[in-house]
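Since the structure comes first, as structure tokens, the remarks are kept for the end.
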Amino acid sequence: ADYTGTKIYNNYFGRVYHWGGSFGHADGFSFENAHRGTSIYNNVFQDIPGSGIIMGCVGPYLDHISVYNNLFINTPTFDDGSNGTLEIIGIPDCTEGINNIQIYNNTIANPKARVLQLNLWGGMTDSLVLNNTIRNNIFSSDSALQLVNWPATQISNIFTNNLVKSAYTSADTRLMNLRGNNYSCAGIGSAGQGNICADPLFVSAAGNNFHLAAGSPAIDAGTSTGIPSGRITDINNTLAAAHSLPSYADNQGMSGSAWDIGADEFLGGAPDTTPPSAPNNLSGIYVALNSLLNTFAVFLGVFGNAGGL
């Protein structure tokens, strides 16, 4: 169905229980029929066993979906071999294809399975996967994982200005499969303009603070090209703090020469909370003010006596 104008935003999806085994695990949310026109932004996903978001083309089409400014923490917590933080599914009934999916400025930290997983099942042809764009995202894991599996070979699917980093060694080509080619950390630049492989330098991953710290390679490394029209600030989620997370109600515009990669826009460090110092001539100000008050008191006394005659 055409859901143009539908918005899924400012939600917290978290701490879902895994029943065990290859199945019986929950996803954040999914839509798996013909679907068009939804925007998914400013959400926080934490400790989801299955996929964070499943976008399934099990009807004629899946198109014009925007996913931006979302934070995914430890999602998925479980690898069933086909799930992913962002999982896109196509089957032969998807006759009009998977088109114009925009994935911009998301931060995905410490997943236990792939971050971006495209599953084409039942013989669906990849010639129907066209004009999808993945830009300005942080895909980061401390585990040795393949983080991207995008087998569709069409060059109209764009992957640029992303930071992708797992624990694989620099030369290990299992980091990412894109359009049928395998890429290592050292070779990720050839996968698309502006892609980098480096520690994103979060403020405190252990403390679930995935804001960018000073010196992060993600700062000013993004692009405004093709950015979703609704993406005019960074993440603005007002629910995270109620779930023992740092505040992500940032709502900050671009700072610097370009957008940062990821959901957070770095603003140059914590605000200065040092109390202001007293003026050097404070004693002089006091003396002058005291003299003025004394003069005014004398004036009132004279004026009062004159009025009493």
Side-chain angles (χ1 to χ4, degrees), residues 12-15 28 41-48 52 67-77 84-86 103-116 134-145 147-148 161-170 175-176 185 188 194-223 231 233-271:
Y12 173 85
F13 302 87
R15 299 185 175 96
Y41 60 97
N42 289 344
N43 301 288
V44 173
F45 299 76
Q46 183 180 18
D47 299 336
I48 306 294
V67 181
Y68 62 91
N69 276 10
N70 299 286
L71 171 63
F72 300 83
I73 304 169
N74 195 33
T75 296
T77 64
T85 311
L86 300 172
I103 301 173
Y104 274 75
N105 290 96
N106 301 282
T107 294
I108 302 177
N110 294 330
K112 300 303 184 291
R114 295 175 186 88
V115 165
L116 180 63
I134 302 99
R135 282 190 173 120
N136 296 357
N137 302 283
I138 292 177
F139 301 157
S140 175
S141 176
D142 293 335
S143 302
L145 289 172
L147 294 181
V148 175
N161 297 89
N162 300 289
L163 187 156
V164 184
K165 183 69 170 72
S166 81
Y168 278 138
T169 62
S170 178
L175 175 67
M176 187 170 78
C185 185
I188 197 172
N195 292 316
I196 55 179
C197 180
D199 185 337
L201 293 182
F202 297 125
V203 170
S204 174
N208 289 324
N209 190 338
F210 296 102
H211 293 92
L212 300 178
S216 168
I219 295 172
D220 291 348
T223 178
R231 211 274 171 176
T233 67
D234 68 354
I235 188 170
N236 184 21
N237 182 281
T238 62
L239 301 179
H243 296 274
S244 302
L245 293 173
S247 174
Y248 287 100
D250 297 4
N251 200 31
Q252 298 161 351
M254 188 176 77
S255 174
S257 61
W259 282 110
D260 298 345
I261 294 175
D264 170 52
E265 183 73 6
F266 179 75
L267 289 184

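Index from 1, following the sequence. What you are looking at is a predicted structure, and each value in this text was computed from that prediction instead of being measured.
No hydrogens or angles considered: nothing links the side chains of Asn161 and Thr223 as a donor-acceptor pair under 3.5 Å. Of the N and O atoms on the side chains of Asn106 and Asn137, at least one donor lies less than 3.5 Å from an acceptor on the other residue. Between the side chains of Asn110 and Asn74, no donor-acceptor pair of N or O atoms lies under 3.5 Å.
Here the OG-CD distance, from Ser244 to Gln46, works out to 8.5 Å after rounding to the nearest 0.5 Å. Atom CG of Asn70 and atom CG of Asn43 lie 5.0 Å apart (nearest 0.5 Å). Rounding to the nearest 0.5 Å gives a distance of 5.5 Å between CZ of Phe72 and CD1 of Ile108. Between atom CE of residue Met176 and atom OH of residue Tyr168 there is a gap of 13.5 Å, rounded to the nearest 0.5 Å. To the nearest 0.5 Å, the span separating OG on Ser257 from CG on Asp220 amounts to 3.5 Å. Put simply, CG on Asn251 and CD on Glu265 are 12.0 Å apart, with the number rounded to the nearest 0.5 Å.
At least one side-chain heavy atom of Leu71 sits less than 4.5 Å from a side-chain heavy atom of Tyr248. With contacts defined as side-chain heavy-atom distances shorter than 4.5 Å, the pair Pro76/Thr85 qualifies. Counting heavy atoms from C-beta outward, Ile261 and Asn162 have side chains that stay 4.5 Å or more apart. You'll find the side chain of Leu212 reaches within 4.5 Å of the side chain of Ile138, heavy atoms only.
Tested against Asp234, the residues Asn105, Asp250, Asp260 include a single side-chain contact (heavy atoms from CB on, under 4.5 Å) partner, Asp250.
For the side-chain contact (heavy atoms from CB on, under 4.5 Å) test, residues two or more places apart in sequence or in another chain that qualify with Ala213 are Val203. Partners of Asn209 by side-chain hydrogen bond (donor to acceptor under 3.5 Å, both in side chains), not counting sequence neighbours, listed by chain and number: His211. Annotation: side-chain hydrogen bond (donor to acceptor under 3.5 Å, both in side chains) contacts of Thr238 (sequence neighbours excluded): Asn10. Taking Ser170 as the reference, nothing meets the side-chain hydrogen bond (donor to acceptor under 3.5 Å, both in side chains) condition, with sequence neighbours excluded. Remark: Phe202 pairs with Phe210 by the ring-ring contact (aromatic ring centres under 6.0 Å, His included) rule, at least two apart or across chains. The side-chain contact (heavy atoms from CB on, under 4.5 Å) search around Asn42 returns Asn69, Ile235, Asn236, not counting sequence neighbours.
Geometrically, Arg231 engages Trp259 in a cation-pi contact defined by less than 6.0 Å to the ring centre and at most 45° from the axis.
The two residues Phe139 and Val148 make their nearest non-hydrogen contact at CD1-CG2, 3.9 Å. Pairing each heavy atom of Ala198 with each of Pro217, the nearest pair is CB-CG, 3.9 Å.
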